[in-house]
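Okay, so here's the structure we're looking at.
Keep in mind it's a predicted model, so treat the numbers as computed, not measured.
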Amino acid sequence: MLKYNLPRNLPSADELPDSDETPVDNELQELIPGLLKATLLILWAERMDWFFGIDMGIYHHPDEPAIVPDAFLSLGVERFYDEELRPSYVLWDENVMPLFVLEVVSPTYRKEYSTKLEIYQDLGILYYVIYSSRRRRKPHLEVHKLVNGKYELQSGNPVWMPEIGLGIGCERGNYSGVTREWLYWYDADGKRYLTPEEQVKQSAERIQQASQRAEQLAQRLRELGVDPDNLS
């Protein structure tokens, strides 16, 4: 449970703005979080204790504006708030701090490596992930973990996050018809989880292989003088 020094009367999520009305200036800020969420919707389809927000305001004090990361993940909350879904993420209603926030650096630098890092650190968010494919001399992906109140940069790609039960990393692949570097989820052994598109393709290939094996078996039966269409 979160503990705050907050006013007695607090607004609800429906009474607060649902975004900062700042448009994204790079399509990747939508596609990268969208891929991560789409994968989770299949990977955790049976779980109802998580929420992945994209470009949604996180309210930590009624008198302060919301912070709006490109994406965030919370565990131990209701996946669906109600049939209208969440307009925003209000900490004094949820009582659960997000474990993970993601910022995708756009052409317009928004202080992802300085001011935002300090904000998420002060809030106590366990993992702060920054991705920028434009970096030349430094890694595109940075995963910062909160240790004794301070963020420490984690090494490796992917980086395993045991508190979440997922790894996060980047590699080249194809999503939405675009071949480039994307962010993906990984298991504890560093194996990448398939995207929804890849899972559909894999299922189609398995069906085709099964059909081919069935046809081969039928042909073998015909060679032996057995009609496979009249087996009883």
To the nearest 0.5 Å, what is the distance between NE2 (His144) and CG (Leu126)? 13.0 Å
I'd like to check the side-chain hydrogen bond (donor to acceptor under 3.5 Å, both in side chains) partners of Glu181; sequence neighbours left out, ordered by chain and number. Tyr131, His140
Answer yes or no: is there a donor N or O on one side and an acceptor on the other, between the side chain of Glu94 and the main chain of Leu91, under 3.5 Å? no
Member of Leu31, Leu183, Thr195, Leu166 meeting the side-chain contact (heavy atoms from CB on, under 4.5 Å) criterion with Leu36: Leu183
Return the CD1 to OG distance between Ile119 and Ser114, rounded to the nearest 0.5 Å. 9.0 Å
Please assess Val101 against Leu73 for the test side-chain contact (heavy atoms from CB on, under 4.5 Å), listing each intermediate value before the final yes or no. CA-CA 7 Å; Val101 294; Leu73 173 65; over 6 Å; no
So the salt bridge (charged side-chain N to carboxylate O under 4.0 Å, His left out) pairs with at least one residue in residues 164-178 (sequence neighbours excluded) are Glu171-Arg192
So, using salt bridge (charged side-chain N to carboxylate O under 4.0 Å, His left out) as the criterion, who are the partners of Glu163 when residues are at least two apart? Lys145
Heavy atoms only: give me the nearest Gly57-Ser88 pair and the separation to one decimal. O-CB, 3.6 Å
Apply side-chain hydrogen bond (donor to acceptor under 3.5 Å, both in side chains) to Asp187 and list each qualifying residue two or more places apart in sequence or on a separate chain. none
Close side-chain approach of Leu28 to Arg180, heavy-atom, < 4.5 Å: yes
For the student: nearest non-hydrogen atoms of Val68 and Glu103, plus distance: O-OE2, 4.2 Å
List the atom pairs, donor and acceptor, that lie under 3.5 Å between side-chain atoms in residues 46-54 and the rest of the protein, sequence neighbours left out.
residue: Arg47; atom: NE; partner: Asp49; partner atom: OD1; Å: 3.0
residue: Arg47; atom: NH2; partner: Asp49; partner atom: OD1; Å: 3.2
residue: Arg47; atom: NH2; partner: Asp49; partner atom: OD2; Å: 3.2
residue: Trp50; atom: NE1; partner: Trp44; partner atom: O; Å: 3.4
residue: Trp50; atom: NE1; partner: Arg47; partner atom: O; Å: 3.2

One should read off an interatomic distance between Glu118 CD and Leu123 CG, to the nearest 0.5 angstrom, of 12.0 Å
Partners meeting salt bridge (charged side-chain N to carboxylate O under 4.0 Å, His left out) with Arg135 (sequence neighbours left out): Glu142
I'd like to know whether Tyr89 forms a side-chain contact (heavy atoms from CB on, under 4.5 Å) with Val77, so could you lay out the CA-CA distance, the side-chain angles of the two residues, the decisive distance to 0.1 Å, and finally the verdict. CA-CA 11 Å; Tyr89 192 88; Val77 298; 3.6 Å; yes
What donor-acceptor contacts under 3.5 angstrom involve side-chain atoms of residues 151-159, with partners at least two apart or in another chain?
residue: Tyr151; atom: OH; partner: Tyr120; partner atom: O; Å: 3.4
residue: Tyr151; atom: OH; partner: Ile125; partner atom: O; Å: 2.7
residue: Gln154; atom: NE2; partner: Glu152; partner atom: O; Å: 2.9
residue: Asn157; atom: OD1; partner: Cys170; partner atom: N; Å: 2.9
residue: Asn157; atom: ND2; partner: Cys170; partner atom: O; Å: 3.0

Tell me every residue that passes side-chain hydrogen bond (donor to acceptor under 3.5 Å, both in side chains) with Ser132, counting only those two or more places apart in sequence or in another chain. none
Indicate yes or no: at least one non-hydrogen side-chain atom of Ile130 is less than 4.5 angstrom from one of Val104. no
Whether Thr39 side chain and Leu35 backbone form a donor-acceptor pair below 3.5 Å: yes
Separation between CD1 of Ile42 and NZ of Lys37, rounded to the nearest 0.5 Å: 13.5 Å
Quick one: CG on Leu141 to CD1 on Ile168, what's the gap to the nearest 0.5 Å? 6.5 Å
Tyr184 meets the side-chain hydrogen bond (donor to acceptor under 3.5 Å, both in side chains) criterion, sequence neighbours left out, with none
Taking ring-ring contact (aromatic ring centres under 6.0 Å, His included) as the cut-off, I'd like each qualifying pair that reaches into residues 154-175, sequence neighbours left out, listed once. Tyr175-Trp182
Using ring-ring contact (aromatic ring centres under 6.0 Å, His included), reason through Tyr193 and Tyr186 one step at a time and then give a plain yes or no. CA-CA 5 Å; Tyr193 286 111; Tyr186 296 78; 8.1 Å; no
Quick check for you: to the nearest 0.5 Å, what is the distance between Asp55 atom CG and Gln29 atom CD? 8.0 Å
Phe100 and its ring-ring contact (aromatic ring centres under 6.0 Å, His included) partner, picked from Tyr127, Tyr128, Trp185: Trp185
Side chain proximity check, Pro69 to Leu102, heavy atoms < 4.5 angstrom: no
Just so I know, are the side chains of Ile32 and Asp70 near enough to count as touching, which here means a heavy-atom distance under 4.5 Å? no
